[in-house]
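Take this structure, written in structure tokens, and hold onto it; I'll ask about it next.
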Number of protein chains: 2
Amino acid sequence: MVIQELSEAEADAIFRALADSTRRDILRRAIRHERSISSLADRYAMSWAAVQKHVAVLERAFLIVKERRGKEQIVRANLDSVRRASLLLDQFEQLWHERLDRIGDILTPPDTASPDRAPPGTASPDKEGTER
Amino acid sequence: MVIQELSEAEADAIFRALADSTRRDILRRAIRHERSISSLADRYAMSWAAVQKHVAVLERAFLIVKERRGKEQIVRANLDSVRRASLLLDQFEQLWHERLDRIGDILTPPDTASPDRAPPGTASPDKEGTER
DNA sequence: GTAACGTACAACCAAATGGTTATACAAGAA
DNA sequence: TTCTTGTATAACCATTTGGTTGTACGTTAC
């Protein structure tokens, strides 16, 4: 399954939306089953309008989608956005492993390195160009 | 490897910290290798103080730790916090799979269900108690 | 010692956030 | 029709955020 990569702005929106416990809770409820905004709002000690704003933040991050059903607006979770955020976190992990690999390269001189590694010239221990 | 679960406040802090492209970039640089705050600040078109504030946000979320080395403050990434955030996202995914399982239970009546499923009485199709 | 560097933090400002109340409107129920 | 329910949005407010400049302080280099 291929998941579209996140733009910086989309990543901003998703993490921003997840950075609030009420919104995470709304998302959990929406994942468990679809609900109307009102039935969600009943669960929280805040005004309907406040909950509606939280829902709007989740919607702008595409973590949920709304769908009109009669007079109700049904809130449905969109797991793809969650997965994209997860993928972005995996990239941090990946950077970390690349770093560990570079350290491994230093500890293991090229001539004694295992043959499945990239040749010394393409090892690029620091891809950051002109960075000092 | 057991990773400590996140409290709500910690989750708030981590996702909040990740919800800014400058901070994600700082984190990436810190993951690739340890740096001083000044060497980080040189990379961005903003004041040193602004970068220092971003670093402080990352530090409060425990995504980085600072360590004094001579007159420099070295910024080091803490992947554990990234992993905790990742784990929290996995829990959303888990909720989704539980929901799919419940739907499967409905489509597959208990008497014809495969024997490795929980018995009907403990299936608990909705754990949310008094929720209407 | 002095100078330069790296850091810390206060004070300030504009904009965004997270909440409120009030108003308006559309769809269903009576 | 009228009443109720669910939704949307505006206006307002306090707090936080993300940036600025300025000041201060400890450490290293000269």
Side-chain angles (χ1 to χ4, degrees), chain A residues 8-30 33-77 131-132, chain B residues 8-30 33-77 131-132:
Chain A
E8 289 296 286
E10 288 168 330
D12 285 2
I14 291 183
F15 288 121
R16 189 80 199 70
L18 291 173
D20 180 283
S21 63
T22 300
R23 286 196 290 266
R24 287 193 301 274
D25 200 67
I26 290 174
L27 180 57
R28 283 188 207 103
R29 289 183 193 279
H33 55 79
E34 302 173 3
R35 303 156 184 285
S36 68
I37 301 181
S38 285
S39 79
L40 282 169
D42 291 346
R43 304 280 138 200
Y44 303 98
M46 65 182 77
S47 68
W48 185 91
V51 173
Q52 209 259 1
K53 280 190 182 181
H54 283 306
V55 168
V57 172
L58 288 165
E59 192 184 15
R60 263 182 270 124
F62 300 105
L63 284 163
I64 61 158
V65 292
K66 292 197 296 190
E67 188 183 326
R68 186 160 283 282
R69 203 126 84 198
K71 70 177 168 181
E72 290 186 335
Q73 197 78 273
I74 301 298
V75 171
R76 217 177 51 223
E131 193 160 12
R132 80 161 160 102
Chain B
E8 289 297 286
E10 288 168 330
D12 286 1
I14 291 183
F15 288 121
R16 189 80 200 69
L18 291 173
D20 181 282
S21 63
T22 300
R23 285 195 292 264
R24 287 194 301 274
D25 199 66
I26 290 174
L27 180 56
R28 283 187 206 102
R29 289 184 192 279
H33 55 80
E34 303 172 2
R35 302 157 185 285
S36 68
I37 301 182
S38 285
S39 80
L40 282 167
D42 291 347
R43 305 279 139 201
Y44 303 99
M46 64 182 75
S47 66
W48 185 91
V51 174
Q52 208 256 2
K53 281 190 182 182
H54 282 306
V55 169
V57 171
L58 289 165
E59 191 184 15
R60 263 181 269 125
F62 299 105
L63 284 162
I64 61 159
V65 291
K66 291 197 296 190
E67 189 184 325
R68 187 160 281 281
R69 203 126 84 199
K71 70 177 169 181
E72 290 185 334
Q73 196 78 270
I74 301 298
V75 171
R76 217 176 51 221
E131 194 160 14
R132 80 162 161 101

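Convention: sequence-line order gives letters A, B, ...; per-chain numbering from 1.
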remark   = What one should report as the nearest heavy-atom pair of F15(B) and L18(A) is CD1-O, 3.6 Å
request  = Kindly say if Q52(A) contacts the phosphate of dT7(D), meaning a side-chain N or O under 4.0 Å from OP1 or OP2.
outcome  = no
ask   = Which value, rounded to the nearest 0.5 Å, describes the distance between I26(B) atom CD1 and I37(B) atom CD1?
value =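 Result: 9.5 Å between the selected atoms.
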inquiry  = Quick check for you: among dT7(C), dG6(D), dA8(D), whose closest atom lies nearest to any side-chain atom of R68(B)?
reply    =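 Of the candidates, dT7(C) comes closest.
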query = Please give, in whole Å, the distance from dT7(D) C1' to L40(A) CG?
reply = 13 Å
query = Between E72(B) (CD) and dT7(C) (P), how many Å, whole number?
reply = 6 Å
query = Between S38(A) and dT5(D), does any side-chain N or O lie under 4.0 Å from OP1 or OP2?
reply =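 Result: no.
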ask   = Can you tell me how far C1' of dG6(D) sits from CD of E34(A), to the nearest Å?
value = 17 Å
Closest approach of D25(A) to Y44(A) (non-hydrogen atoms, all atoms of both residues) =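 Closest approach of D25(A) to Y44(A), heavy atoms only: OD2-OH, 2.7 Å.
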Rounded interatomic separation in angstrom, taking CG from D42(A) and P from dT5(D) =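 Between P of dT5(D) and CG of D42(A): 11 Å.
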message = Using whole Å, what does the distance between atom C1' of nucleotide dT7(C) and atom CZ of R35(B) come to?
response =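 My rounded result for the distance is 18 Å.
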remark   = A77(A) and L27(A) have their tightest heavy-atom pair at CB-CD1, 4.2 Å
With 3.5 Å as the limit, what N/O pairs link the protein to nucleotides 1-4 of chain C?
none

With sequence neighbours excluded, residues passing side chain to side chain contact (heavy atoms under 4.5 Å, CB included) with A50(A) = M46(A), S47(A)
Side chain to side chain donor-acceptor pair (under 3.5 Å) partners of D20(B), counting only residues at least two apart =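 Partners of D20(B) under the side chain to side chain donor-acceptor pair (under 3.5 Å) test: none.
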ask   = Looking at residues at least two apart in the chain, or sitting in another chain, which of them share a side chain to side chain donor-acceptor pair (under 3.5 Å) with R68(A)?
value = none
Less than 3.5 Å apart, which donor and acceptor atoms pair up between the side chains of residues 53-67 of chain A and the rest of the protein, not counting sequence neighbours?
residue, atom, partner, partner atom, Å
H54(A), ND1, R23(A), NH1, 3.2
E67(A), OE1, R76(A), NH1, 2.2

message = Just the rounded figure in Å: distance from C1' of dT7(C) to CD1 of I74(B).
response =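 Atom-to-atom, I74(B) to dT7(C), this comes out as 12 Å.
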ask   = Between dG18(C) atom C1' and L18(A) atom CG, what is the distance in whole Å?
value = 17 Å
inquiry  = Holding to side chain to side chain donor-acceptor pair (under 3.5 Å), I want the full list of residues that pass it with R24(A), two or more places apart in sequence or in another chain.
reply    = E8(B), D12(B)
ask   = How many angstroms lie between CD1 in I14(A) and CZ in R16(A), if you round to the nearest 0.5 Å?
value = 13.5 Å
Rounded to 10 degrees, the angle between the two terminal axes of the helix from dG1(C)-dC30(D) to dA30(C)-dT1(D), each from five pairs =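 For the helix from dG1(C)-dC30(D) to dA30(C)-dT1(D), the axes at opposite ends meet at about 20°.
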Using a cutoff of under 3.5 Å, can you pull out all pairs of nitrogen or oxygen atoms linking the protein to nucleotides 17-21 of chain D, with atom names and distances?
residue, atom, partner, partner atom, Å
dT17(D), O3', R16(B), NH2, 3.1
dG18(D), OP1, R16(B), NH2, 3.4
dG18(D), OP1, R23(B), NH2, 3.4
dG18(D), OP2, R23(B), NH1, 3.0
dG19(D), OP2, H54(B), NE2, 2.1
dG19(D), N7, K53(B), NZ, 3.0
dG19(D), O6, K53(B), NZ, 2.1
dT20(D), OP1, S47(B), N, 3.4
dT20(D), OP2, S47(B), N, 2.8
dT20(D), OP2, S47(B), OG, 2.5

